[in-house]
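Any value given below was found using the heavy atoms of this structure, including those in side chains, with hydrogens, waters and symmetry copies removed. First the proteins, then the strands, lettered A, B, ... as listed; each starts at 1. Note that the coordinates shown come from a computational prediction; the quantities given were computed from them, not determined experimentally.
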2 protein chains.
Amino acid sequence: MYDFLMSATTKAPDHTRQALLDAAFAEIHRHGFQAASLSQILADTGLTKGALYHHFPDKRALGLAVVEDVIRPRLAAMMFAPLAGSDTPLAALRALLEAKAADPDPWVVTLGCPLNNLMQEMSPVDETFRLHLNALFRDWVDVVSAALLRGQRAGEVKPDIDVDATAFFLVSALEGCVGMSKNTQSVAAYRGCLGQLVNYLETLKA
Amino acid sequence: MYDFLMSATTKAPDHTRQALLDAAFAEIHRHGFQAASLSQILADTGLTKGALYHHFPDKRALGLAVVEDVIRPRLAAMMFAPLAGSDTPLAALRALLEAKAADPDPWVVTLGCPLNNLMQEMSPVDETFRLHLNALFRDWVDVVSAALLRGQRAGEVKPDIDVDATAFFLVSALEGCVGMSKNTQSVAAYRGCLGQLVNYLETLKA
DNA sequence: AATCATACATACCGGTTGGTATGTGTCAAG
DNA sequence: CTTGACACATACCAACCGGTATGTATGATT
């Protein structure tokens, strides 16, 4: 808030770097990576190109840092944590989806999932980007898959399903729902699609 | 008279316009609309800016024409036609998905669904684009919804499901599967995700 | 034969982009 | 007290962008 006072007296490189990451995250979320303007990011932060290129070698490195240092922690907190160690993944997933339906993040409905946006845009364009994004996506699927496996052992999940394929489909369908809601620009569509996903979860019960 | 005999040197405005649309479609499919380069489109077609701006007032109009005159007919032929008039939509959808799994379009796996790509990119950025894309998406959902309704009346589909919400989810999940397969860059993931979608279809049977 | 709209090609423009080279103030170490 | 690395700011650049203004060959109309 009072950055201009601090920068006049004290150096805070970590804070500067984080400010760049946050502004880059917002700019990329709005316009995508390729259309994201470095000038806009600098205007938002009140910094200059000197600061940006001191902390990051180029635009791509900034984008990759956003993936690893912003998107990954957010996703871990929102989607991984609620499933970690749960032996009733279907109940946990249902609670998670219903919480999102009850209190939808307006940024997600209007701008979509940051991870999915970048995957759609960058996967065919930049292999390094694709690998980083795929690793994050893969981690997500693995978290769901592991939870489903524990659910099978605990008797909550049908024993004959392929947990990995199911987890892949679950995450894919969720991203699909978010994406379509973004195009429709309505929380009603978002809720409806999440509701159908909950219905699908019911079919996985033992 | 006898226009079809005219050589390449004579003027063929319809052919020129179609060539621009085809090249624009390919360029947009690869790089997205915002990153699509008009210069590249002109290089691909061997035309110049004079031709482009004679047929289209600006880049946006070209993009919208691609949606209406290229993507819409393709989608109608591939996804709408197989469901039109069918009283057994689950069987028809299953056949459609299994055909795609058996013979996957490499361009779709590597570059994604052109409609979905544009929806993800342009919906938050350009309202006119969003409306055109949403109309097309809505038509798709309505085709599936109408088919599911006929399936209910014919006794193939469970009578207690919300056909419109189900259709919305089906299309969303399909787009999600395509998107995730694009990031994974593997036909195996594509097949697996489509297989799970077929499994979901089974749960809709009466 | 003269006219005129069509269907392009050519040349050019202002603005923005990512990126770089250099300057400057701060601070910690020697 | 000096030195030097760090953390930026300033100024600048070539490349590319979408868009425009103008020129020109063609074909149809009158």
Sub-3.5 Å pairs of nitrogen or oxygen atoms, protein against nucleotides 9-14 of chain C:
unit_1	atom_1	unit_2	atom_2	d
C:dA9	OP2	B:Thr48	N	2.9
C:dA9	OP2	B:Thr48	OG1	2.6
C:dA9	O5'	B:Thr48	OG1	3.3

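The closest side-chain heavy-atom distance from A:Gln120 to B:Glu121 is not below 4.5 Å. Counting only heavy atoms from C-beta outward, the side chains of A:Arg72 and A:Asp139 approach each other to under 4.5 Å. Between B:Leu136 and B:Met119 the shortest side-chain heavy-atom distance does not fall below 4.5 Å. Two residues are said to be in side-chain contact when any heavy atoms from C-beta on lie closer than 4.5 Å; B:Leu201 and B:Leu170 meet this criterion.
Nearest approach of B:Lys59 to B:Leu38, heavy atoms of both residues: CG-CD2, 3.8 Å. The shortest non-hydrogen separation linking B:Ala189 to A:Phe168 is CB-CZ, 3.8 Å.
The side chain of A:Thr16 sits closest to D:dC8 out of C:dG19, D:dC8, D:dG18. Closest contact between the side chain of B:Lys59 and the listed nucleotides D:dG19, C:dC8, C:dG19 involves D:dG19.
Between the CG atom of B:Asp14 and the P atom of C:dT6 there is a distance of 14 Å, rounded to whole Å. The distance between atom CD of B:Gln40 and atom P of D:dG18, rounded to the nearest whole Å, is 11 Å. Counting to the nearest Å, the P atom of C:dG18 and the CZ atom of A:Phe56 are 15 Å from each other. Rounding to whole angstrom units, OH of residue A:Tyr53 and P of C:dG23 are separated by 21 Å. When the P atom of C:dC8 is taken as reference, atom CZ of B:Arg17 falls 12 Å away, rounded to whole Å. Between the CD1 atom of B:Ile41 and the P atom of D:dC17 there is a distance of 11 Å, rounded to whole Å. Distance B:Leu42 CG to D:dC17 P: 10 Å, rounded to the nearest Å. Atom C1' of nucleotide D:dA25 and atom NE2 of B:His54 are separated by 14 Å, given to the nearest angstrom.
In terms of modelled atom types and a separation under 3.5 Å, the side chain of B:Gln152 and the main chain of B:Ile161 share a donor-acceptor contact.
Using cut-offs of 30° and 60° on the angle between ring planes, the pair B:Phe33 and B:Phe129 is tilted. Between A:Trp140 and A:Phe80, the ring planes lie tilted relative to each other; the angle falls in the 30° to 60° range.
For D:dC16, the OP1/OP2 oxygens have no side-chain nitrogen or oxygen of B:Ser39 closer than 4.0 Å. Phosphate contact (OP1/OP2 of D:dA7, side-chain N/O of A:His55, threshold under 4.0 Å): absent.
Listed by residue number, the members of residues 22-38 of chain B with any heavy atom below 4.0 angstrom from DNA chain C form an empty set.
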